[in-house]
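Okay, so here's the structure we're looking at.
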Amino acid sequence: MKSLLTPADLTAALPAKPYLMLDMARPVDEKTMEGFKCVAINEEFFVGHFPKHPIMPGVLQLESMKQLSELAMRDALDPDNKLDIYIKSVSRVKFRKPVSPGDRILVSSERQSDFSPEGTVFRTAVRNAAGACSEACLTLAARERKVDLAFGSYNEFDLSATAMMPPAKVLEMMPHRFPFLFIDYLVGDAESFTAVKNITIGESFFKGLDPAYPVVPESIICEIAAQAGCAAILSRPENTGKLGFFMAIEQADFHRALRVGDQLLIKFNLPPGSSRFGKGRGMLTANGMADPVAELSLMFAIVDP
């Protein structure tokens, strides 16, 4: 690996990225990598996260950690860029302080296990000039870049007039906007609900992806799940007018690729509580099938605006 990887090197080494979240990277030693990114107000995601209060999404900090770790793993296991290196699991993710336009972030990744296509563990973190912003333990694995698309059909979860939270209500409830609003509607009730996200090639995060391999990055799946849980919590009467912030991922496991044409269903267990923090466990499936796409345990903060 070169002593300094430039944007041209990163673009070649990190194929099919919706957001390239590194400007430069370098190896420190045989187990450690560093990456650097300037954060600018002109980046597209700030338009929708959030209007009038721009904050870099925590999941894009996670994506920067994943991309830096991927550089090391790809150099060792897939120098010809033939495989999909994906997040198999992530744990102990904490978002400690916001990253704002104008910040410059230093990303670090330290390998914790031997390289293996079945799973390589990395300890990762993001810092800005004020200190620690986020951290995570990532397990990356490699799989064939092949996906079988399935032609859609209607089911009980398709949008109807009886939806608990139709798209217009989602817009009222959530502070997110294009291009970072990732749930379409909710069905059920606040105690037992299913959030629905239709996966279409028109999404902004597919712009940088290979159309021959149209799968959703795991970092975006985390954001979809977080927004679903947040919307359900905010729909409860005691939280009327409040805001929900994504605080942590205790554990997330990704079982299969989420594809263009899938109807993603997010089912959360969100026990009611009096704390300003909410915890929930989500099961994500697609197209009414029982086999999970992913399982996540998340934490939210419920605050006054």
Side-chain angles (χ1 to χ4, degrees), residues 1-39 56 59-93 104-127 133-147 205-222 249 252-258:
M1 183 180 294
K2 295 170 60 176
S3 60
L4 179 65
L5 300 178
T6 67
D9 298 320
L10 296 173
T11 301
L14 297 169
K17 296 301 175 195
Y19 301 104
L20 182 58
M21 299 307 299
L22 299 167
D23 291 331
M24 290 172 281
R26 65 183 181 184
V28 177
D29 55 41
E30 64 178 10
K31 290 188 175 182
T32 308
M33 295 279 295
E34 287 184 336
F36 189 76
K37 175 174 170 56
C38 293
V39 182
M56 181 180 177
V59 298
L60 293 187
Q61 296 179 51
L62 180 64
E63 181 66 21
S64 73
M65 294 184 255
K66 186 264 183 178
Q67 290 179 14
L68 184 64
S69 304
E70 180 181 344
L71 288 170
M73 191 167 172
R74 193 173 292 282
D75 189 61
L77 297 180
D78 183 35
D80 296 327
N81 286 344
K82 293 183 177 180
L83 300 175
D84 175 26
I85 294 179
Y86 69 101
I87 300 177
K88 184 176 183 178
S89 66
V90 59
S91 62
R92 302 192 297 277
V93 183
R104 297 189 297 167
I105 59 173
L106 180 67
V107 188
S108 63
S109 173
E110 182 180 3
R111 181 165 53 87
Q112 304 291 293
S113 67
D114 293 338
F115 286 115
S116 169
E118 300 302 316
T120 305
V121 180
F122 298 87
R123 185 175 64 189
T124 62
V126 170
R127 298 176 58 87
C133 300
S134 58
E135 61 191 56
C137 181
L138 294 173
T139 299
L140 302 189
R143 61 190 172 195
E144 186 180 1
R145 291 175 56 83
K146 179 181 179 181
V147 62
F205 56 76
F206 278 127
K207 289 192 301 185
L209 294 178
D210 182 355
Y213 190 66
V215 301
V216 182
E218 290 74 32
S219 58
I220 299 297
I221 295 175
C222 290
I249 304 172
D253 298 291
F254 301 92
H255 302 295
R256 77 158 181 84
L258 181 61

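The nearest pair of heavy atoms linking S134 to Q61 is OG-OE1, 2.7 Å. Taking every heavy atom of both residues into account, M33 and A25 meet most closely at CE-CB, 4.5 Å. Contact detail for A212 and V147: the closest heavy-atom pair is O-CG1, 4.3 Å. Across every non-hydrogen atom of E63 and P217, the tightest pair is OE1-CB, 4.5 Å. Nearest heavy-atom pair across Y19 and L60 is CD1-CD2, 3.8 Å. Nearest approach of P214 to F206, heavy atoms of both residues: C-CE2, 3.8 Å.
Residue D84 is tested with R145, K146, R143 for a side-chain hydrogen bond (donor to acceptor under 3.5 Å, both in side chains); the sole match is R143. With L10 as the partner, the side-chain contact (heavy atoms from CB on, under 4.5 Å) test is satisfied by one option alone out of L20, L68, D23: L20. Remark: of the listed residues Q112, M65, M73, K31, M73 is the sole one forming a side-chain contact (heavy atoms from CB on, under 4.5 Å) with F122.
Applying the 6.0 Å contact sphere to CZ of R256 captures more than 12 heavy atoms from other residues, nucleotides or ligands. When the shell of 6.0 Å around CZ of R127 is examined, it contains 12 or fewer heavy atoms from other residues, nucleotides or ligands. Within a 6.0 Å radius of CG in D114, no more than 12 heavy atoms belonging to other residues, nucleotides or ligands are found. For R104, the CZ atom sits in a loose shell: 12 or fewer heavy atoms of surrounding residues, nucleotides or ligands are nearer than 6.0 Å.
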Please report the C-alpha distance between Q67 and V107 in whole Å, then the side-chain angles of each, then the deciding distance to 0.1 Å, and finally whether the side-chain contact (heavy atoms from CB on, under 4.5 Å) criterion is met.
CA-CA 10 Å; Q67 290 179 14; V107 188; over 6 Å; no

Are C137 and V121 close enough, and set up right, to give a side-chain contact (heavy atoms from CB on, under 4.5 Å), and what steps lead you there?
CA-CA 7 Å; C137 181; V121 180; 3.7 Å; yes

Mind running side-chain contact (heavy atoms from CB on, under 4.5 Å) on L83 and L77 for me, showing each step along the way?
CA-CA 9 Å; L83 300 175; L77 297 180; 5.8 Å; no

Pair I87, L138 - check side-chain contact (heavy atoms from CB on, under 4.5 Å), show working.
CA-CA 7 Å; I87 300 177; L138 294 173; 4.3 Å; yes

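Remark: the backbone N or O of M21 is not paired with any side-chain donor or acceptor of S64 at under 3.5 angstrom.
Here T120 contributes atom OG1 and R111 contributes atom CZ; the two are 7.5 Å apart, rounded to the nearest 0.5 Å. Interatomic distance, K2 NZ to D75 CG, rounded to the nearest 0.5 Å: 12.0 Å. Rounded to the nearest 0.5 angstrom, S109 OG and E70 CD are separated by 11.0 Å. Rounding to the nearest 0.5 angstrom, the gap separating the NZ atom in K37 from the CG atom in L106 is 13.5 Å. One finds the CZ atom of R123 at 12.5 Å from the OG atom of S113 (value rounded to the nearest 0.5 Å). One finds the CZ atom of R74 at 4.0 Å from the CD1 atom of I85 (value rounded to the nearest 0.5 Å).
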